[in-house]
Amino acid sequence: MSVQIIQDECIQCQMCVAECPSQCLSLQDGQIAFSAKSCISCGHCFAICPKGAITLNSFTAAQAEALSSSSPLESKIINRRSIRSFKSDPLPHTVLNQLIQLTRFAPSARNTRLTQFVVIGRKTMNQIGEQVAVMIHPKMGAIQKVKDIVFRGAPHVIVAIAPESATEMQKMDGQIAVSELEIALPDEIGSFWCGFLTGAAQKNPDIRKQMNLPEGFTVVASLGVGTKDIQYARPVIRENIPVQWIE
Ligand SMILES: Cc1cc2nc3c(=O)[nH]c(=O)nc-3n(C[C@H](O)[C@H](O)[C@H](O)COP(=O)(O)O)c2cc1C
Ligand code: SF4
Ligand code: SF4
């Protein structure tokens with residue numbers, strides 16, 4: 001089982017229940033119950049628990065807290081989390097623009113540099129949220145009306161766009177640029193990859209129109225951003241990745 005609750009250590013604060021993106025945790029008969037069915041093993045419950053009362057794939061909180069890093073950048077990479085709790089205040093355009101302009105230094109297939117950016121704000125997000133949610137699942141539209149499952153309450157989405165005629169490698173430029181931008185975010189700014197928007201915008205020209213995309217452009221990556229309204233107690237710990245060394 002990916003997640004186990006150490007009931008003796010748990011204080012039933014329910015922070016894990018609120019944090020789980022897949023609604024796997026609940027308070028039942030005075031104890032936290034875990035349902036594995038939709039668990040994606042993201043470790044957010046493990047990372048948030050103030051008591052270290054959750055194990056993830058048998059890893060303990062103490063093991064995660066002991067993870068060491070050899071540089072501030074390595075520490076940033078280890079501690080990065082997809083943030084889904086934001087303060088509602090918008091970020092200054094100057095801050096967002098500075099981050100976007102940093103991506104000028106990202107690699108680019110044949111240096112063609114076809115990536116452009118569109119930053120959408122709350123007005124557009126509110127306008128298209130339900131339409132995007134319905135495209136994930138017809139039942140999601142009703143949920144989006146009461147809870148922002150698409151944009152997670154973020155005040156902005158930074159959207160990397162490329163010409164529809166671009167090659168897959170040229171479209172990859174935008175994904176690399178967003179990944180670099182994410183790592184460059186200052187500590188107080190959180191982010192999550194908004195795959196729901198990317199997928200919906202790629203399929204639906206009406207959504208692209210409402211996002212004011214230039215004619216003939218498509219979305220290649222989307223990153224919800226805003227000031228974090230959450231703090232994790234520890235990083236997530238994950239199994240080593242298999243590597244083959246071929247001579
Ligand atoms: C391409 C991509 C698309 C994603 N789309 C979404 C999304 O639409 N909504 C969301 O809340 N998280 C999204 N995520 C975040 C993943 O769920 C998250 O990275 C994963 O659960 C691991 O958690 P972590 O990022 O905190 O390590 C996406 C991540 C990637 C890389
Ligand atoms: S976050 Fe930890 S202490 Fe709080 S309810 Fe969940 S398992 Fe228990
Ligand atoms: S690992 Fe992620 S999906 Fe699974 S219970 Fe914890 S927070 Fe929920």
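The first residue of the sequence shown is numbered 1, and numbering continues consecutively from there. Remember, predicted model here, so these are calculated numbers, not experimental data. Atom set for the values below is all heavy atoms of this structure, side chains included, hydrogens, waters and symmetry mates excluded.
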All ring-ring contact (aromatic ring centres under 6.0 Å, His included) counterparts of Tyr232, not counting sequence neighbours: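 In terms of ring-ring contact (aromatic ring centres under 6.0 Å, His included), with neighbours along the sequence ignored, Tyr232 is linked to His44.
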
Mark yes when over 12 heavy atoms from residues, nucleotides or ligands other than Glu188 sit less than 6.0 Å from its CD; otherwise mark no.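 More than 12 heavy atoms, drawn from other residues, nucleotides or ligands, come within 6.0 Å of this atom.
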
Under 6.0 Å from the CD atom of Gln98, do we count more than 12 heavy atoms belonging to anything else shown? no

Any ring pair (Phe, Tyr, Trp, His ring centres under 6.0 Å) involving residues 162-187? Give me the pairs, sequence neighbours left out, ordered by first then second residue. none

If we only count heavy atoms from C-beta on, is the [X] to [Y] side-chain gap below 4.5 Å?
X: Cys45; Y: Val3; result: yes
X: Ile207; Y: Val132; result: yes
X: Cys49; Y: Cys16; result: no
X: Phe151; Y: Val157; result: yes
X: Ile230; Y: Glu19; result: yes
X: Asp229; Y: Phe86; result: no
X: Val150; Y: Ile136; result: yes
X: Val236; Y: Leu56; result: yes

As a quick check of understanding, evaluate side chain to side chain donor-acceptor pair (under 3.5 Å) for Thr218 and Gln202, giving each step before the final call. CA-CA 6 Å; Thr218 190; Gln202 284 173 349; 5.0 Å; no

Counting N and O atoms only, with roles assigned by atom type, does the side chain of [X] sit under 3.5 Å from a partner on the main chain of [Y], one being a donor and the other an acceptor?
X: Lys228; Y: Asp187; value: yes
X: Arg84; Y: Gly153; value: no
X: Lys171; Y: Glu164; value: yes
X: Asn204; Y: Ala200; value: no
X: Gln170; Y: Thr167; value: yes

Kindly give the cluster partners of [X], where membership spreads through any ILVMFWY side chain lying under 4.5 Å from a current member.
X: Ile77; value: Leu73, Ile183
X: Phe117; value: Leu91, Val95, Leu96, Leu99, Ile100, Val119, Ile158, Val178, Leu181, Leu185, Ile189, Trp193, Leu223, Val225
X: Val243; value: Trp245
X: Ile246; value: none

Spacing of [atom1] belonging to [X] relative to [atom2] belonging to [Y], to within rounding of 0.5 Å:
X: Gln231; Y: Ile48; atom1: CD; atom2: CD1; result: 9.0 Å
X: Ile5; Y: Ile32; atom1: CD1; atom2: CD1; result: 6.5 Å
X: Thr115; Y: Ile176; atom1: OG1; atom2: CD1; result: 8.5 Å
X: Leu67; Y: Ser75; atom1: CG; atom2: OG; result: 10.0 Å
X: Asp206; Y: Gln131; atom1: CG; atom2: CD; result: 5.0 Å
X: Met169; Y: Arg110; atom1: CE; atom2: CZ; result: 11.5 Å

Under a 3.5 Å threshold, yes or no: a donor from one side chain and an acceptor from the other, between [X] and [Y]?
X: Thr124; Y: Gln127; result: no
X: Ser222; Y: Thr198; result: yes
X: Ser108; Y: Asp173; result: yes
X: Gln31; Y: Gln12; result: no

Could you walk me through whether Arg234 and Phe46 pass the side chain to side chain contact (heavy atoms under 4.5 Å, CB included) test, one step at a time? CA-CA 8 Å; Arg234 64 191 63 76; Phe46 171 91; 4.0 Å; yes

Ring geometry between His93 and His156 (parallel below 30°, tilted from 30 to 60°, perpendicular above 60°):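 Perpendicular.
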
Results of side chain to side chain donor-acceptor pair (under 3.5 Å) for [X] - residues two or more places apart only:
X: Asn111; result: Arg113
X: Ser69; result: none
X: Gln101; result: Asn97

Salt-bridge test for Lys76 and Glu182: reply yes if a basic N is under 4.0 Å from a carboxylate O, no otherwise.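 Result for this pair is no, no salt bridge flagged.
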
Verdict with supporting geometry, Arg238 and Phe59, side chain to side chain contact (heavy atoms under 4.5 Å, CB included): CA-CA 8 Å; Arg238 299 211 165 100; Phe59 288 117; 5.8 Å; no

Answer yes if Ile161 and Ile128 sit in the same cluster of Ile, Leu, Val, Met, Phe, Trp and Tyr residues linked by side chain heavy atoms under 4.5 Å apart, and no otherwise.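 Yes, because Ile161 and Ile128 connect within a single hydrophobic cluster, where side-chain heavy atoms sit under 4.5 Å apart.
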
Transitive ILVMFWY side-chain link Met211 to Met135, under 4.5 Å: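 The answer is yes; both residues are in one hydrophobic cluster.
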
With sequence neighbours excluded, residues passing salt bridge (Lys or Arg N to Asp or Glu O under 4.0 Å) with Glu180: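 Once residues adjacent in sequence are excluded, Glu180 has no partner under the salt bridge (Lys or Arg N to Asp or Glu O under 4.0 Å) criterion.
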
Apply side chain to side chain contact (heavy atoms under 4.5 Å, CB included) to residues Gln23 and Val17 and explain how you reach the verdict. CA-CA 7 Å; Gln23 290 81 46; Val17 176; over 6 Å; no

Inter- and intrachain pairs under side-chain hydrogen bond (donor to acceptor under 3.5 Å, both in side chains), touching residues 2-11, at least two apart: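 Checked against side-chain hydrogen bond (donor to acceptor under 3.5 Å, both in side chains) - neighbours excluded - no pair reaches residues 2-11.
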
Return each pair, listed once, that meets side-chain hydrogen bond (donor to acceptor under 3.5 Å, both in side chains) where at least one residue sits in residues 134-149; pairs must be two or more places apart or across chains. Arg122-Asp148, Glu130-Lys145, Gln144-Asp148

